[in-house]
Amino acid sequence: MDKLSVYNSLTRKKELFEPLNPPFVGMYVCGPTVYGNAHLGHARSAITFDIVYRYLLDQGYKVRYVRNITDVGHLVNDADEGESKVEKQARLEQLEPMEVAQRYYNAYTRDMDAMNLLRPGIEPRATGHIPEQIEAVQKILEHGFAYEVNGSVYFDVPKYHEKFQYGKLSGRDLEQILAGSRSDLEGLSEKRHPADFALWKKASPNHIMRWNSPWGEGFPGWHIECTVMSTKYLGPKYDIHGGGMDLLFPHHEAEIAQSNACNCHQPENMQDEAKYWLHNNMITYEGQKMGKSLGNAISLEEFFSGNHPLLAQAYSPLVIRFFILQAHYRSTLDFSNTALQASEKAYKRLNEGLKRLDGIQPEGKVVAVNEAFEQNLRTFLDDCRAYMNDDFNTARVIARMFDALPVVNQLYKAQGKTFAVEQETFRQFRQAFHKVFYDWLGLKAETEEGQQHEVIDGLMKIIIDIRAEARKAKNWALSDKIRDELSALNIKLEDTPNGTDWYYEK
RNA sequence: GGCGACGUGGCCGAGUGGUUAGGCACAGGUCUGCAAAACCUUGUACGGCGGUUCGAGUCCGCCCGUCGCCUCCA
């Protein structure tokens with residue numbers, strides 16, 4: 001494939017990617033709700049669209065990448081009914097809701113930075129766009145696709161369905177939705193139809209996050225923020241909307257409906273918000289879904305530190321990234337310690353290969369061209385491009401890098417004696433490999449700081465053990481020599497009844 | 001039950017109907033005082049049953065199983 005194709009959830013097939021207004025591309029991705037630490041699911045979604053972003057940039061597009069931050073509290077459905085998630089955490093931790101949101105936003109950013117994600121161009125917050133959301137609700141009301149009840153405003157799905165098609169994204173039809181939810185809840189709700197959803201919700205007295213509106217004090221419904229913020233920064237119709245498959249229904253379905261109801265009066269002007277809807281698949285743990293109730297919801301922070309009962313060790317952020325990229329984004333991905341350890345080793349080997357590649361000096365060597373090697377390196381970039389063009393198949397790109405690795409190793413090994421490929425081929429390949437590794441996949445050589453700490457700890461333990469043996473044997477000359485020479489390196493030893501501690505001191 | 005995505009060798013995972021995905025593990029080899037690392041080489045597969053086809057992991061049907069959604073959580 002010499003042109004980029006993407007799988008569009010809206011049409012359920014791969015389509016040639018053709019921006020609405022080249023060279024500009026607008027991309028909106030559903031970001032995190034900042035009331036808790038980011039987990040693998042957040043990582044997968046963010047990394048998936050980081051790849052899309054990077055690749056489009058590399059293709060020369062001017063991309064405006066918007067990823068929202070949901071910091072508006074909404075209702076939970078368990079025992080804490082009536083309290084928003086953000087609020088609930090605030091009470092627990094005696095913090096302001098916005099303080100909670102900021103804290104988890106910071107943590108999210110920290111984790112994403114660690115995995116080498118490019119930051120979006122705009123990260124709009126729902127709470128920063130309340131007036132725009134109110135305005136959008138008003139517009140939808142004016143257009144006759146919503147109704148107000150007791151200070152809340154609901155989207156009128158059946159009314160919308162008369163003119164537009166509700167359910168086109170998720171493949172549902174209204175009758176089925178109605179049939180499925182008719183049994184209970186009816187009558188308890190202010191909604192006229194079970195499929196209707198809130199655009200604006202009246203705040204209960206104890207709801208902290210609240211704003212004035214034409215319908216009284218309240219807060220926006222879940223779906224409206226994305227419609228509003230995408231419209232504000234990307235226009236009523238833009239190129240790509242991304243998110244996890246779990247958001248397909250009802251969130252994205254509702255977004256499409258809101259967008260059409262708000263920005264178009266008639267079906268002939270239908271825009272469906274975005275041209276391409278991209279969805280990444282979910283992550284499981286040893287075949288099971290992740291969830292707090294199952295005890296296997298592991299935060300990224302815990303992966304990075306290894307501080308979780310289910311984790312055998314710590315996994316570096318880039319190993320997590322690499323692991324995620326080894327699968328195609330539309331497949332479910334199962335993780336386990338063995339799977340991650342496999343990725344860790346593979347990633348290490350790739351890094352070693354890259355180091356060797358950078359160390360190879362092709363100049364002035366005897367050339368005895370190996371046709372297979374030559375061919376391998378020459379077709380590398382085109383192969384990788386074809387895989388990326390095929391709906392961002394990073395798994396195949398990585399496999400292709402491993403296919404080239406033996407050649408790199410051979411060239412490295414034979415250096416100084418023979419050089420089995422044309423120098424120009426080699427130079428172009430090296431450049432291409434860098435492009436794929438750094439620019440497309442967003443990988444980078446592991447910083448060895450963390451490893452070095454471990455190494456130093458290990459070294460110190462060995463030294464201290466040797467010294468302990470020397471002291472036991474009353475070999476004071478050796479034990480003092482160890483202490484004095486360490487001291488010269490600003491490493492101080494302190495003998496305690498429980499053993500010997502060490503620390504840095506200038 | 002409905003909608004969607006899937007079920008590939010010991011594990012993770014690509015796969016556009018016809019000849020090797022790849023990684024990890026395992027095995028053999030090179031190197032090595034021994035070992036490790038590194039490098040080289042190799043084996044093991046397509047959930048089940050039918051169907052289409054000269055030929056199916058790849059298309060069609062049914063069955064079984066997994067995951068997500070179907071909630072005013074976002």
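For clarity, every value in this text was computed on a predicted model and none was experimentally measured. Atoms considered below: every heavy atom in the structure, side chains included; atoms not considered: hydrogens, waters and symmetry mates. Labels below follow one simple rule: chain letters A, B, ... track the order of the sequence lines, proteins then strands, and each chain is numbered from 1.
- Between the CG atom of A/Asn280 and the P atom of B/C6 there is a distance of 13 Å, rounded to whole Å.
- For B/C39, one of the phosphate oxygens OP1 or OP2 lies less than 4.0 angstrom from a side-chain nitrogen or oxygen of A/Asn409.
- Side chain of A/His328, nearest nucleotide from B/C6, B/A21, B/G15: B/G15.
- Proximity of A/Ser331 to the phosphate of B/A14: a side-chain N or O atom is located under 4.0 Å from OP1 or OP2.
- Between A/Lys345 and B/G23, a side-chain N or O to OP1/OP2 separation shorter than 4.0 Å is absent.
- The phosphate of B/A5 (OP1 or OP2) has a side-chain N or O of A/Tyr7 nearer than 4.0 angstrom.
- Atom CG in A/Leu350 sits about 11 Å away from atom P in B/C39, given to the nearest Å.
- Phosphate proximity of B/G4 to A/Arg172: absent, as no side-chain N or O sits under 4.0 Å from OP1 or OP2.
- Set against B/C67, B/C72, B/C6, the side chain of A/Thr284 has B/C67 as its closest nucleotide.
- In this entry B/U19 has no Watson-Crick or G-U wobble partner, no candidate having both defining distances under 3.5 Å.
- OP1 and OP2 of B/G15 both lie 4.0 Å or more from every side-chain N or O belonging to A/Arg396.
- OP1 or OP2 of B/C24 lies within a sub-4.0 Å distance of a side-chain N or O belonging to A/Arg349.
- Not a single donor-acceptor pair, N or O on each side, falls under 3.5 Å between the base of B/C39 and the side chain of A/Lys413.
- If you check B/G4, B/C11, B/C12 against the side chain of A/Asp334, the one that comes closest is B/C12.
- As a whole-Å value, the separation of A/Asn281 CG from B/G7 P is 10 Å.
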